[in-house]
J.: 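Sharing a structure, written as C-alpha cells. Questions coming.
Quick caveat, the model's predicted, so the values are computed rather than measured.
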Amino acid sequence: MNTHNIITSTKNIINLILLVLLNILVIILMSDLYGDFSIGPWYNAFFIVLSITIANTLLWPIFKRFFMKFMIQTLGIGTIFINALIFYIACYFIPNVDVGFYASIKVPFFMSIATTVVTNMTNTNYYNRHLKNIVKYALNKKIDSKSYPGIIMLEIDGLSINILKKAIDNNIMPTIKEWIDSSTHNLKEWETDLSSQTGASQAGILHGNNENIVAYRWVEKENDNKIIVSGKLSHAPLIEKRISNGEGLLVDGISVSNMFSGDSKSAPLTSSKLGTLTRINHKTLNTVFLDTYNYQRIFTLFLWDILVELKSQIKHLIKNIQPRLRRTVVYAAVRAGANVVLREVTTDILTSEILKGEIDTAYATFMGYDEVAHHSGTQDEDVWPVLKQIDTQIQRLTNAIDMSNRGYKLVILSDHGQSNGATFKQKYGITLGNYVRRFLPDDLKVYRNEFNIDHFRDAVFSENIKLKIVKEKIGDFRDDIFDENTYFQNIRDELENKKPAIIFDNEQYQNLRKKYSNSLEYIKGHESIEQSTKKAKDSELIVLGSGNLGLIYLTEWKQRLTYEEIVMLFPELIPGLVKHPGIGFILVHSITNGGMVIGEDGIYYLDTDKIIGENPLVNYGKNAARHLKRQNTFNNMPDIMVNGFYDEKYDEVNAFEELIGSHGGLGGDQTKPFILYPSEWEDPGKLIGASSIYEFLKKEINELKS
C-alpha cells in the first residue's frame with residue numbers, strides 16, 4: 001500500500017471515530033435536554049448510532065423507492081419526516097429507549113449537523129462518497145457511449161470578467177486558474193445587449209433570439225398594461241414561446257436551473273418549463289436523494305448560510321459599510337436557497353447526467369454570486385467565499401467527466417456582470433417614480449414598482465401589488481393639456497396610414513418639425529416646474545426599474561408616445577429628467593427624427609448618428625448607440641427609457657431598484673461578462689450581443705457531432 005493510500009485510510013478511520021463519538025455525544029445531550037427522548041444507560045447512545053446506520057442501509061432504499069415523488073414535491077422537507085421515521089424504528093428495538101414525535105425529528109437533525117461539522121473539521125470531502133452513489137445510480141441508467149464528446153456549459157450568474165480576474169489573481173477560483181495557466185482554456189470578454197440582465201442574455205444565449213425583451217420587467221400596454229417579469233414562473237413560458245424556433249442550444253441536451261430551456265426536452269428547475277412549484281417533480285432530482293444524509297447535509301449548509309448572512313448584516317452595520325441595504329431574515333433564506341440548495345442540486349443533476357453519457361449538451365446556472373453581489377456589493381467580502389464554492393462545484397464536475405466513459409468539453413461563462421454603487425434613492429433621497437411624478441399633473445395616478453428583488457426571488461414570490469387596468473380614455477386630464485390633441489392625432493393617423501413619400505409632403509408634419517427644429521435649445525432652456533406627488537395609487541403612469549435602467553410608461557395611451565407628444569402634453573418631463581444628476585440620458589422616439597438619446601447637454605440622433613451638443617453616450621461604451629438603436633425597434637418599449645448616470649472615475653452606477661450591485665442598463669462592468677472555452681476551439685472574434693454566444697456555441701456543438 002503506497003503512502004497516499006495509507007494517509008487516506010488513516011484519515012477515513014479518524015473521521016469515522018470522530019463521527020461516532022460526536023453523534024453519541026449529541027444523543028446523550030439531547031436526552032438530557034428534551035423530556036420526550038430517553039436513552040436509559042448512556043451506552044445505549046452507541047447502540048442507537050449503530051442501529052441508525054443499519055436502519056438507513058436497509059430502509060432508505062425502500063422509502064426512497066415509494067416516497068421519492070413526495071420528497072421532491074415537498075422541496076426535500078418530506079425527507080426530514082422520513083428520516084424521523086427511520087430514527088424511530090431504529091430506536092424502537094433498543095431496551096429502555098423512549099422516543100417522542102418531536103425528538104424523532106430533532107435528534108436526527110442535530111446528528112446531521114454534527115456529521116457536517118466533523119467532515120468540515122477533518123477536511124473530509126463527503127461528496128466523494130456521495131459521488132459513488134451517483135455512479136451506481138448512473139450505471140443503472142447508462143447507455144452506450146457516443147463517439148463524439150458533449151459540451152457542458154456552466155453559467156456563473158452576474159460575474160463580470162473583471163471580478164473573475166480578481167478572483168483568479170487571489171487564487172479564490174483555483175480550478176479556473178489552472179485551466180488558464182495550463183492553456184487548456186481561453187478567457188474572452190463579450191458584450192451584452194441592452195438590457196444587461198438574465199432574461200435578455202439567456203434568451204439570446206439559449207435561443208439565439210432576445211427580440212422584444214425590453215428589460216427584466218416591462219409593461220404591455222395592449223395587454224391591459226400587464227407587467228411581464230422575465231423570471232416569473234408564470235411569465236417565463238410565455239416569453240420562451242415568443243422567442244423559440246425549436247432550434248435552441250439544448251435541443252439534444254438538458255437545461256438546469258435556468259430561466260429558459262434552450263428547447264431542451266429535459267429542463268429541471270428551469271423557469272420556463274416549471275410553470276409552478278407544484279410541477280417541480282423531475283426524475284433528474286432523484287440524484288439528490290440517493291442516500292439519507294445528502295439532503296440533510298444540504299439543509300444543514302442552507303441553515304449555515306443563513307447564519308453567515310446574518311453575521312454579514314451585523315458586520316456591515318457595525319463597520320457602517322456604505323452603500324448598504326436593509327437585509328432581512330427573509331433575504332437570508334432566499335440567499336441560502338440560491339447560493340446553497342440550487343448550487344448543490346445542480347451539481348448532483350449534472351454529475352449524474354455526465355456519468356450516464358446520454359446528453360450532448362448541458363447548460364446550468366450557478367446564481368449565488370449574483371444574489372449576494374446584489375445585496376452586499378460586487379467586491380464585498382461576502383462574494384469571495386461564494387465564488388470559491390462555485391469553483392468547487394466546477395472541480396467536482398471535472399472529476400465526474402474524468403470518470404465518465406464519454407468525453408465532455410467544459411465551458412464556463414456569465415450572462416452579464418454587475419456594476420456597483422449607491423441606489424438612486426439612497427443618493428438623492430427620492431425614487432425614480434416619485435421624481436417622475438413631480439413633473440406630471442396632480443390628477444395623474446401613478447404606479448411605481450420599487451421591489452428590491454431579483455430574478456431568483458421573482459420566480460418564487462408573486463407580485464404583491466396587482467396593477468389595476470388603466471382607463472383607455474383621457475377625460476380625467478385637464479382640458480388645457482390637450483388643446484392640440486385632435487390636431488396631433490390627425491398627424492399620427494396620417495403618418496401610420498400613408499406611405500413615406502406622402503408623409504414628408506404633409507403640411508402639418510412640416511409645421512410640427514419646424515416647431516421642434518432645435519430640440520437641444522428646448523431641453524436646455526426649458527424651466528421645469530415640479531408638481532406635487534399626491535395620488536400615487538391606481539396609476540395611469542407606471543415606472544419600473546431594471547437595475548440602472550428605468551422604464552416610464554404613460555399608460556392611458558395604448559401606443560408608445562413620441563417625443564413630440566410628450567413635449568406637447570408634459571413639457572416639464574423630459575427637461576426635468578435629463579437635468580437630474582442621477583440620470584445619464586433618456587431614449588425617446590421622435591416622429592421627425594426617429595430615436596433620440598437625450599442628455600443634459602447634447603442629443604444623439606440614432607437614425608443618422610448625428611450629435612448636437614455633447615455626446616450623451618460618451619462614457620457608455622463604443623457600441624452604446626448600436627444597442628440603443630436596436631432596442632428602439634422593440635415592441636413594448638416605454639414612452640421614456642431612462643439610463644442612470646455612470647461615474648466612470650469610480651466605476652459606479654445608481655440603480656433604480658434597491659440593489660447595491662445592479663445590472664440592466666449601460667455603464668461599467670454590467671455589460672462585460674466572459675466566456676471561458678476550450679483552447680482548441682477557433683477564436684470567435686468579437687462577441688457582441690447574447691446571440692453571438694449562441695452562434696459560437698452552436699457552431700462548436702455541430703462540429704463536434706460531425
J.: Given Met153, which partner from the list Ile412, Ile205, Leu250 fulfils the side chain to side chain contact (heavy atoms under 4.5 Å, CB included) test?
T.: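 Exactly one candidate clears the test, Leu250.
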J.: Does a side-chain heavy-atom distance below 4.5 Å link Asp382 with His375?
T.: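 Of all side-chain heavy-atom pairs linking His375 with Asp382, none is under 4.5 Å.
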J.: Would you name the heavy atoms of Ile156 and Asp415 that are closest together and state the gap between them?
T.: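 Residues Ile156 and Asp415, closest heavy atoms: O-OD1, 4.3 Å.
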J.: Strictly distance-based, threshold 3.5 Å: is any side-chain N or O of Ser414 a donor or acceptor partner for the main-chain N or O of Leu159?
T.: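 Flag set: sc Ser414 to bb Leu159 pair under 3.5 Å.
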J.: Run the salt-bridge test on Glu211 and Arg630 with the 4.0 Å N-O cut-off and return the result as yes or no.
T.: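 Yes.
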J.: Regarding Tyr646 and Asp651, do their side chains bring together a donor and an acceptor under 3.5 Å, going by distance alone?
T.: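 Yes, a side-chain donor-acceptor pair sits under 3.5 Å.
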J.: Do Asp669 and His663 pair up side chain to side chain, a donor and an acceptor below 3.5 Å, judged on atom types alone?
T.: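 The criterion, which ignores hydrogens and geometry beyond distance, is not satisfied for His663 and Asp669.
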J.: So, the side chain of Asp647 versus the backbone of Tyr650: is there a donor-acceptor pair under 3.5 Å, distance only?
T.: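 It does hold such a pair.
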J.: Are Asn225 and Glu220 side-chain neighbours, meaning at least one heavy-atom pair lies under 4.5 Å?
T.: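 No. Closest side-chain heavy atoms not under 4.5 Å.
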J.: Side chain to side chain contact (heavy atoms under 4.5 Å, CB included) between Lys226 and Trp218: does it pass, once the steps are laid out?
T.: CA-CA 8 Å; Lys226 184 176 182 180; Trp218 68 87; over 6 Å; no
J.: Does Val411 form a side chain to side chain contact (heavy atoms under 4.5 Å, CB included) with Tyr363? I'd like the steps, not just the answer.
T.: CA-CA 9 Å; Val411 175; Tyr363 192 103; over 6 Å; no
J.: Going by distance alone, is a donor N or O of one side chain under 3.5 Å from an acceptor N or O of the other, for His416 and Thr671?
T.: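 The answer is no; no qualifying pair exists.
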J.: State, without any angle test, whether Asp380 and His316 hold a side-chain donor-acceptor pair at a distance under 3.5 Å.
T.: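 A donor-acceptor contact under 3.5 Å links the two side chains.
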J.: Side chains of Asn212 and Asn636: any donor to acceptor distance under 3.5 Å?
T.: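 Side-chain D/A pair, Asn636 to Asn212: absent.
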J.: Within the 4.5 Å heavy-atom criterion, are Tyr620 and Phe585 side-chain neighbours or not?
T.: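 Tyr620 vs Phe585: side chains touch.
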J.: Could you walk me through whether Arg324 and Ser376 pass side chain to side chain donor-acceptor pair (under 3.5 Å), step by step?
T.: CA-CA 7 Å; Arg324 184 176 73 246; Ser376 296; over 6 Å; no
J.: Does some side-chain heavy atom of Ser312 sit less than 4.5 Å from a side-chain heavy atom of Arg327?
T.: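 Arg327 vs Ser312: side chains touch.
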J.: Can a side-chain donor-acceptor contact be found between Glu240 and Ser261 if the only test is distance below 3.5 angstrom?
T.: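 Short answer, yes.
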J.: Does the pair Asn258 and Thr270 meet the rule for a side chain to side chain donor-acceptor pair (under 3.5 Å), with working shown?
T.: CA-CA 5 Å; Asn258 300 316; Thr270 295; 4.6 Å; no
J.: Given Ile586 and Asn643, is the side chain to side chain contact (heavy atoms under 4.5 Å, CB included) satisfied, shown in steps?
T.: CA-CA 6 Å; Ile586 67 168; Asn643 200 99; over 6 Å; no
J.: Could you check whether any side-chain N or O of Arg343 sits under 3.5 Å from a backbone N or O of Ala338, counting only pairs where one atom can act as donor and the other as acceptor?
T.: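 Pair absent, no side-chain N/O of Arg343 close to backbone of Ala338.
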J.: How long is the straight-line distance from OH of Tyr553 back to CE of Met637, given to the nearest 0.5 Å?
T.: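 Reported value, rounded in 0.5 Å steps: 7.5 Å.
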J.: Using side chain to side chain donor-acceptor pair (under 3.5 Å), reason through Asn210 and Asp193 one step at a time and then give a plain yes or no.
T.: CA-CA 9 Å; Asn210 58 14; Asp193 299 286; 2.9 Å; yes
J.: Answer whether the closest heavy-atom distance between the side chains of Phe696 and Ile675 falls below 4.5 Å.
T.: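 Heavy-atom side-chain distance check passes, below 4.5 Å.
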J.: If we ignore angles and hydrogens, is there a donor and acceptor under 3.5 Å between the side chains of Glu564 and Ser590?
T.: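 Indeed, the side chains of Glu564 and Ser590 share at least one donor-acceptor pair under 3.5 Å.
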J.: Step by step, would you call Tyr563 with Ile574 a side chain to side chain contact (heavy atoms under 4.5 Å, CB included)?
T.: CA-CA 9 Å; Tyr563 166 77; Ile574 290 177; 3.6 Å; yes
J.: With the threshold set at 4.0 Å, does a side-chain nitrogen-carboxylate oxygen contact exist between Glu657 and Arg217?
T.: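 Looking at Arg217 together with Glu657, the answer is yes, because their closest N to O distance falls below 4.0 Å.
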J.: Should Glu191 and His627 count as side-chain neighbours, where that means a heavy-atom distance under 4.5 Å?
T.: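 In contact.
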J.: Tell me yes or no: between the side chains of Glu155 and Gln202, is some donor less than 3.5 Å from an acceptor?
T.: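 Short answer, yes.
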J.: Any sub-3.5 Å donor-acceptor pair from Ser692's side-chain atoms to Gly689's backbone N or O?
T.: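 Yes; at least one donor-acceptor contact below 3.5 Å.
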J.: Any ion pair linking Lys221 and Asp639 (charged N to carboxylate O, less than 4.0 Å)?
T.: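 Result for this pair is yes, salt bridge flagged.
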J.: Can a side-chain donor-acceptor contact be found between Gln313 and Glu309 if the only test is distance below 3.5 angstrom?
T.: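 Glu309 vs Gln313: donor-acceptor pair found between side chains.
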J.: Side chains of Asn635 and Glu222: donor-acceptor distance under 3.5 Å anywhere?
T.: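 The criterion, which ignores hydrogens and geometry beyond distance, is not satisfied for Glu222 and Asn635.
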J.: Answer yes or no: is there a side-chain heavy-atom contact under 4.5 Å between Thr562 and Met568?
T.: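 No; the side chains remain at least 4.5 Å from each other.
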J.: Is it true that Glu658 and Thr423 share a donor-acceptor pair across their side chains at a distance under 3.5 Å?
T.: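 Note: Thr423 and Glu658 side chains meet the donor-acceptor criterion.
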J.: Does a side chain donor of either Gln418 or Asp370 reach within less than 3.5 Å of an acceptor in the other side chain?
T.: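 Distance-only check passes for Gln418 and Asp370.
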J.: Between the side chains of Asn245 and His207, is a donor N or O closer than 3.5 angstrom to an acceptor N or O?
T.: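 No.
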J.: Any chance the side chains of Ser244 and Asp263 put a donor and an acceptor closer than 3.5 Å?
T.: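 Yes.
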J.: Under 3.5 Å, is there a donor-acceptor pair between the side chain of Glu371 and the main chain of Val334?
T.: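 No, Glu371 side chain to Val334 backbone: no donor-acceptor pair under 3.5 Å.
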J.: Would you say Ile688 and Trp190 make side-chain contact, with heavy atoms under 4.5 Å?
T.: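 Answer no - side chains too far apart.
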